[in-house]
Enquirer: 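This structure is in structure tokens; I'll ask about it shortly.
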2 protein chains.
Amino acid sequence: MSGRRIPDATVERLPVYLRVLHDLATTGQGTVSSEQLAEMAGVNAAKVRKDLSHLGTYGTRGVGYDVDFLSFEIASRLGLASETAVAIVGMGNLGRALANHAGFRDRGFPVSNLYDNDESKVGTEVAGHVIQHLDELGAVAKADIGIGVITTPPEVAQDVADRLVQAGVRAILNFAPIVIAVPAHVTLRKVDLTHELQVLNFYQQREGADAATQPDGSAAWLREI
Amino acid sequence: MSGRRIPDATVERLPVYLRVLHDLATTGQGTVSSEQLAEMAGVNAAKVRKDLSHLGTYGTRGVGYDVDFLSFEIASRLGLASETAVAIVGMGNLGRALANHAGFRDRGFPVSNLYDNDESKVGTEVAGHVIQHLDELGAVAKADIGIGVITTPPEVAQDVADRLVQAGVRAILNFAPIVIAVPAHVTLRKVDLTHELQVLNFYQQREGADAATQPDGSAAWLREI
DNA sequence: TAGATTGTTAATCGATTAACAATC
DNA sequence: TAGATTGTTAATCGATTAACAATC
């Protein structure tokens, strides 16, 4: 059944499936089973079928899914039929790296505007774009920026978010390591690099602790005392 | 009750709480209620108390949590008592930006090694480190690298992951837009920038559709035909 | 027809949340 | 003691998974 509301957990996996389907299309494979798609996406087959069932009944029993057709349907659901312009605010190391990241343009997210509040940077070029002053953000027509990316220091991130919202931006990707607040109609996601390292650290350490735990539940290091 | 196993969802939030607690410590605030911590972390108070209850009973009824003490306990659980060295493989735009990212060192994750397979880059310096050839990865003693970061093109990401695992690295953060496989004892996380934009695009678009949906359930655009 | 594979059901598991007794 | 706030319970919700009838 092609239910109306797609679960959040499923939405998170759609880009992964799309990526795999593109790879399959490149190799010329015409159809794919949930089994193979699952294998390549790093999930299990039941989850793939359940996820896809939320989009519609696009598979053929006994055969699988048509790679191109499924690819198109997922892209449509993700709203990738048209390009979405991206503005990056904060031209430090990360901001410049993202501005130069070819993957954005290639995947339908061309970088259209770069901003900073540092006068020495304003007017210089990065990745073919002249850096504008943050104050010019309001001059952009509402529809011109689909997604705002924040790569500023945390101290100014909330202010930048406010300005983006004021300028009509309704989707924000925040790289600044701070919790920012936006109105309900704005979609916010964050990428916190240190956060990733800390969580990795936790599981790595726990894995080690588990490995050192004996069947009787006592930790190995206790024996070394 | 300080249960042994911390739920994944809680682990994901611990770094956020830690960040907030550090900010509070900086302002000199001695104790914090679950209410305030929740507000600052962007979650609800019941979730904060539930999360913290998995670590132990560190709060005081009627008072709240001691900022420094709780901060220390969370940091301990995340394994942040000692530093964890980070190696970055792939010295493109993103790799160089991460190498220069001061936030890593400041948070206990000093960048210790940089690698690339491009001979023209090997031997040059980035952020005070000489870039080494990928082939030298195996020469690193097991304990020297705590976390490997992959910022290569997707085509070589799996090979790089294999080499990191071979070199004894047990935690990997993958920025290459491809699903990579690692042995069970290795912890893997990924950051896919395009993925983030695609998911943002989905919700932004759906938000628009929701706004255009009338109370009776019909979409607004139907009326415009 | 026989084999393959989907789409869906239902059981299970984990996460969220409100409510409140415990207690500082 | 009275007010505040935790830690825990229990209800609810959403996600995962195995199993299998439907069907190509």
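Sequence lines set the chain letters: A, B, ... in the order given, protein chains first and strands last, and positions in each chain run from 1.
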Enquirer: I want to check one thing: is the phosphate of C:dC24, taken as OP1 and OP2, less than 4.0 Å away from some side-chain N or O of B:Tyr65?
Expert: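 No, B:Tyr65 has no side-chain N/O under 4.0 Å of OP1/OP2 on C:dC24.
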Enquirer: Please write out the pairs of protein N or O atoms and N or O atoms of nucleotides 20-22 of chain D separated by less than 3.5 Å, giving the distance to one decimal.
Expert:
unit_1, atom_1, unit_2, atom_2, d
D:dA22, N3, A:Arg61, NE, 2.8

Enquirer: Please list, chain by chain and in numerical order, all residues satisfying side-chain contact (heavy atoms from CB on, under 4.5 Å) with B:Phe72, sequence neighbours excluded.
Expert: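 Partners of B:Phe72 under the side-chain contact (heavy atoms from CB on, under 4.5 Å) test: B:Ser76.
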Enquirer: Measuring from the side chain of A:Thr57 (C-beta onward, heavy atoms only), which nucleotide among C:dG7, D:dT8, C:dA18 has the closest atom?
Expert: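 My answer, after comparing the listed nucleotides, is C:dG7.
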Enquirer: Taking salt bridge (charged side-chain N to carboxylate O under 4.0 Å, His left out) as the definition, give me every residue that meets it alongside A:Asp66, ordered by chain and number, with sequence neighbours left out.
Expert: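 Partners of A:Asp66 under the salt bridge (charged side-chain N to carboxylate O under 4.0 Å, His left out) test: none.
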Enquirer: In terms of the nearest nucleotide of DNA chain D, which residue is placed more toward the 5' end: A:Gly62 or B:Thr60?
Expert: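 Closest to the 5' end, via its nearest nucleotide, is B:Thr60.
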Enquirer: Does the side chain of A:Arg107 reach to within under 4.5 Å of the side chain of A:His22, using non-hydrogen atoms?
Expert: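 Of all side-chain heavy-atom pairs linking A:His22 with A:Arg107, at least one is under 4.5 Å.
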Enquirer: Tell me whether the count of non-hydrogen atoms from other residues, nucleotides or ligands lying under 6.0 Å of CD in B:Glu35 goes above 12.
Expert: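 Atom CD in B:Glu35 is not packed in, count stays at 12 or less.
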Enquirer: Counting only pairs under 3.5 Å, give me each side-chain donor-acceptor contact of residues 37-49 of chain A, with atom names and distances, residues two or more places apart or in other chains.
Expert:
unit_1, atom_1, unit_2, atom_2, d
A:Asn44, OD1, A:Ala46, N, 3.1
A:Asn44, OD1, A:Lys47, N, 2.9
A:Arg49, NH1, A:Ser34, OG, 2.9

Enquirer: The criterion is salt bridge (charged side-chain N to carboxylate O under 4.0 Å, His left out); which residues satisfy it with B:Arg13, sequence neighbours excluded?
Expert: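 For B:Arg13 the salt bridge (charged side-chain N to carboxylate O under 4.0 Å, His left out) partners, ignoring immediate neighbours, are B:Asp51.
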Enquirer: Atom CG of B:Asp51 and atom P of C:dG14: how far apart are they, to the nearest Å?
Expert: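 Roughly 16 Å, once rounded to whole Å.
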Enquirer: Test of understanding: with side-chain contact (heavy atoms from CB on, under 4.5 Å), list the residues that count as partners of B:Arg189, not counting sequence neighbours.
Expert: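 Testing B:Arg189 for side-chain contact (heavy atoms from CB on, under 4.5 Å), a comparison that skips the adjacent residues, returns A:Glu196, A:Val199, A:Leu200, B:Glu12, B:Leu173.
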Enquirer: Starting at the 5' end of DNA chain C, write a dot or bracket for each base, bracketing those in Watson-Crick or G-U wobble pairs whose two distances are under 3.5 Å and using | for partners on another strand.
Expert: ..||||||||||||||||||||||
Enquirer: In whole angstroms, how far is the C1' atom of D:dG14 from the NZ atom of A:Lys50?
Expert: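 From A:Lys50 NZ to D:dG14 C1': 11 Å.
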Enquirer: Send over the distance from A:Leu52 CG to C:dT5 C1', rounded to a whole Å.
Expert: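 After rounding, the gap between these two atoms is 13 Å.
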Enquirer: Quick one: on DNA chain D, does A:Thr10 or A:Val63 contact a more 5' nucleotide (nearest heavy atom)?
Expert: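 So the residue in question is A:Thr10.
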Enquirer: Expressed in angstrom and rounded to an integer, what is the separation of B:Lys47 atom NZ from D:dT9 atom C1'?
Expert: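 In whole Å, D:dT9 C1' lies 18 Å from B:Lys47 NZ.
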Enquirer: List in numerical order all residues of residues 11-36 of chain A for which some heavy atom is under 4.0 Å away from an atom belonging to DNA chain C.
Expert: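 Listed by number, they are A:Ser33, A:Ser34.
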Enquirer: Given atom CG of B:Leu70 and atom C1' of D:dG7, what is their separation to the nearest angstrom?
Expert: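 Those two atoms, CG and C1', are 14 Å apart.
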Enquirer: Touch check for A:Ala46, heavy atoms < 4.0 angstrom, all strands: base, sugar-phosphate only, or nothing?
Expert: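 Here A:Ala46 touches the bases of the nucleic acid.
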Enquirer: Rounded to whole Å, please give me the gap between CD1 in A:Ile6 and P in D:dG14.
Expert: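 That distance rounds to 16 Å.
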Enquirer: What is the distance, to the nearest angstrom, from the NE2 atom on B:His54 to the P atom on D:dT8?
Expert: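 Rounded to whole Å, this separation is 10 Å.
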Enquirer: State the CG-CG distance between B:Leu70 and B:Leu55, to the nearest 0.5 angstrom.
Expert: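 If I round to the nearest 0.5 Å, the distance is 7.5 Å.
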Enquirer: In whole Å, I'd like the distance from the CG atom of A:Asp8 to the P atom of C:dG14.
Expert: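 Distance check: A:Asp8 CG to C:dG14 P gives 20 Å.
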Enquirer: Output side-chain donor-acceptor pairs under 3.5 Å for residues 175-183 of chain A, partner residues at least two apart or in another chain, one line each.
Expert:
none

Enquirer: Please determine whether a side-chain nitrogen or oxygen atom of B:Tyr58 lies at a distance below 4.0 Å from atom OP1 or OP2 of D:dT5.
Expert: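 Result: no.
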Enquirer: Name all residues meeting the side-chain contact (heavy atoms from CB on, under 4.5 Å) criterion together with B:Asp23; count only those two or more places apart in sequence or in a different chain, and write none if there are none.
Expert: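 B:Asp23 satisfies side-chain contact (heavy atoms from CB on, under 4.5 Å) with no residue once adjacent residues are dropped.
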Enquirer: Could you tell me which residues satisfy side-chain contact (heavy atoms from CB on, under 4.5 Å) with A:Thr84, sequence neighbours excluded, listed by chain and number?
Expert: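 With sequence neighbours excluded, A:Thr84 shows a side-chain contact (heavy atoms from CB on, under 4.5 Å) to A:Phe109, A:Ile147, B:Asn201, given in chain and number order.
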Enquirer: Determine which pairs satisfy salt bridge (Lys or Arg N to Asp or Glu O under 4.0 Å) with at least one residue from residues 153-167 of chain A, sequence neighbours left out, and list them in order.
Expert: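 The answer is A:Asp135-A:Arg163, A:Asp159-A:Arg163.
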